[in-house]
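The structure under discussion appears below in the form of structure tokens.
Both backbone and side-chain heavy atoms feed into the values below; hydrogens, waters and symmetry mates do not. Below, chains carry the letters A, B, ... as their sequence lines are ordered, and counting in each starts from 1.
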Number of protein chains: 2
Amino acid sequence: MPATVSERQVDILAALQSEMENLSRSEVRIAELLFADTEFAVNSSIIELAARAEVSPPTVTRFCRRLGCASYSEFKVKLAQTTYVGSRYLQPDSRDMGTAEIAENIVNRAQTALYQMHQALDLAALDKVADRLSQADMIYAFGSGGNSSMIADEIQNRLFRLGLRVTTSADHEMQLMMAASAKSPDVIIASSISGRNMPLVKALEAASDYKVFSVALTRTGSPLSQAASITLPIDLPEGVNIYKPTAARFAYLALIDIVATMVALRLKDSATETLRRIKHQMVTHRDEDDKDALGD
Amino acid sequence: MPATVSERQVDILAALQSEMENLSRSEVRIAELLFADTEFAVNSSIIELAARAEVSPPTVTRFCRRLGCASYSEFKVKLAQTTYVGSRYLQPDSRDMGTAEIAENIVNRAQTALYQMHQALDLAALDKVADRLSQADMIYAFGSGGNSSMIADEIQNRLFRLGLRVTTSADHEMQLMMAASAKSPDVIIASSISGRNMPLVKALEAASDYKVFSVALTRTGSPLSQAASITLPIDLPEGVNIYKPTAARFAYLALIDIVATMVALRLKDSATETLRRIKHQMVTHRDEDDKDALGD
DNA sequence: ATGGAAACGAAAATAATTTACATTTCGGAG
DNA sequence: CTCCGAAATGTAAATTATTTTCGTTTCCAT
């Protein structure tokens, strides 16, 4: 059973994203309308939708079929289930409208990044990484430059709670020295959005000299990826707008969550105990109940 | 027009719960079926649903009307919207989950968090915060404990690129001292998922004594929210599974992106120059082209 | 019991969706 | 350049779903 995509596919709009290139002209018009105003589509009949997209109703039906839905209503239900934020149609640019568009845009990009990361996941590689991490004596999380160093910090933040020994550094010199001092059951996790952070590549090469297992969170085929023992790939086109922050961070963060959860399950008992201890400390230093997320 | 329920009511099942006592016999049968097998209802025609509830189609239509929906299809859409979010929170524990399910679960939660944050956005508050930030002499980003300190770092990371002066601290003592030393066009941004980080609340209170504008990224109505000049609310139910990291981080991060983008647009010219400079430095120290996201 | 209101379903009317088929478009072979 | 065939799209008919209308039943209060 391959059961690739469709099996549990709910996020229709994301599925649509990846089908985009195979669509015909009319279908593209429908797709654009959907992305622009999801709300409208969800609350319209096939006739209204067809009219607004300037196509005929049968074209809409065929469009739904192509996306794996048996009927227009099935499509509409899936669309309703999709927690995707459509962007509104262009409106007179009042100030508020500008704000709303910015918000929609950013949320959209984040959701798309998450979706694409999920699509491209290599489960076997994930398992292997989780295995190594759960057996590591020491874990080094490396990344530099704002985004990647945040990712490295986050790796530490998630893993130390499970009772693992983790350190992180954004400093190239330190990274190289740490890599050189690592020994076999240790693991190095290196993150770089571009994959072309050369000092980091050198650190991984040093680790490899000493047979230390290294994981790269980066772009497929990049120098960093090539230097690592294994890569958890994140391949996202970066936007051109320099004001706009990179949406890739969301994908990295989710990937870390996934890895950390898998490691937690492998360590079950000892991780629970560590978490219990952390929680105990947190609770006794907080004024109230213990329902809070660990560590705020 | 009373418009009690219908206005923006999305959680149909909740609406149904509260209407339960006013329902007739047949309507109760429909309601029971809905609670027992929501999936079925979402994917059925009115005829199938009526047949399974052993009532006539018109009764189903009347039932939908009573719940504030104009038609059966509107009802179905709302049902689809509620069940989806609902089922995500009722996911079984990750204990017996495979790798694929873990991944799906985490991506789902992240997307839901983004979606809900977007739904609840207060555009006017956002505008005000962006105004203040873009005019601030100095910006202090506070947060402690792994998650919130990451958020604070991220605020710094996004804003310094725009040419703003930003500092961050996770240390309660420092936060208090910094708050006390701030002067009016300065802005303090404090983040706390629980909203009950009391030392942070004290820091905001100190800031308020000196008429310094403060922004809270936190839960509505929490102590931190009350102590701040303005709140950008993030209200998400936190999962109970202690292995699972909080999905709220995604919402916070996106919110920061939105604010930062808005500030960037307000500062357009000077921000562009700052970004250009940063990029110049990055490029001259990298081996290759300039297409990379700023700062990796 | 019995009048009357509410609940309900049958059937007709309407509306939405899909199917079947005709027309158009477009790329490529001759 | 034109003609063929495949793909895309639309029109109209057929089907199916939904709602409305109206008559029957139920059940409560008198």
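In this structure, F75(A) places its CZ atom 12 Å from P of dT17(C), rounding to the nearest Å. At whole-Å resolution of the value, CD in E54(B) and C1' in dA7(C) are 17 Å apart.
With sequence neighbours left out, the side-chain hydrogen bond (donor to acceptor under 3.5 Å, both in side chains) criterion links T61(B) to no other residue. Residues forming a side chain to side chain contact (heavy atoms under 4.5 Å, CB included) with A251(A) (at least two apart in sequence, or on another chain): A113(A), M117(A), I234(A), L236(A). Judged as a side-chain hydrogen bond (donor to acceptor under 3.5 Å, both in side chains), and not counting sequence neighbours, S44(B) has no contacts. Judged as a side chain to side chain contact (heavy atoms under 4.5 Å, CB included), and not counting sequence neighbours, the contacts of E19(A) are N22(A), R66(A).
Comment: E154(A) engages R249(B) in a salt bridge, judged by a side-chain N to carboxylate O separation of less than 4.0 angstrom. Ion pairing between a basic and an acidic side chain is recognised when a charged N comes within 4.0 Å of a carboxylate O; E74(B) and K78(B) show such pairing. A salt bridge is defined here as a Lys NZ or Arg NE, NH1 or NH2 lying under 4.0 Å from an Asp or Glu carboxylate O, and R109(A) with D257(B) fails to meet this definition.
Heavy atoms of V55(A) sit under 4.0 angstrom from primed sugar atoms or phosphate atoms, though from no base atom.
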Dump every N/O contact between nucleotides 17-21 of chain D and the protein below 3.5 Å, one line per pair.
unit_1  : atom_1 : unit_2 : atom_2 : d
dT18(D) : OP2    : I46(B) : N      : 2.5
dT19(D) : OP1    : Y72(B) : N      : 3.0
dT19(D) : OP2    : T61(B) : OG1    : 2.9
dT20(D) : OP2    : R65(B) : NH1    : 2.9
dT20(D) : OP2    : R65(B) : NH2    : 3.2

### From CA spacing to verdict: salt bridge (Lys or Arg N to Asp or Glu O under 4.0 Å), D127(B), R266(B)
CA-CA 10 Å; D127(B) 271 323; R266(B) 279 165 174 71; 3.0 Å; yes
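Within residues 21-37 of chain B, the residues approaching DNA chain D are R25(B), by heavy-atom distance under 4.0 Å.
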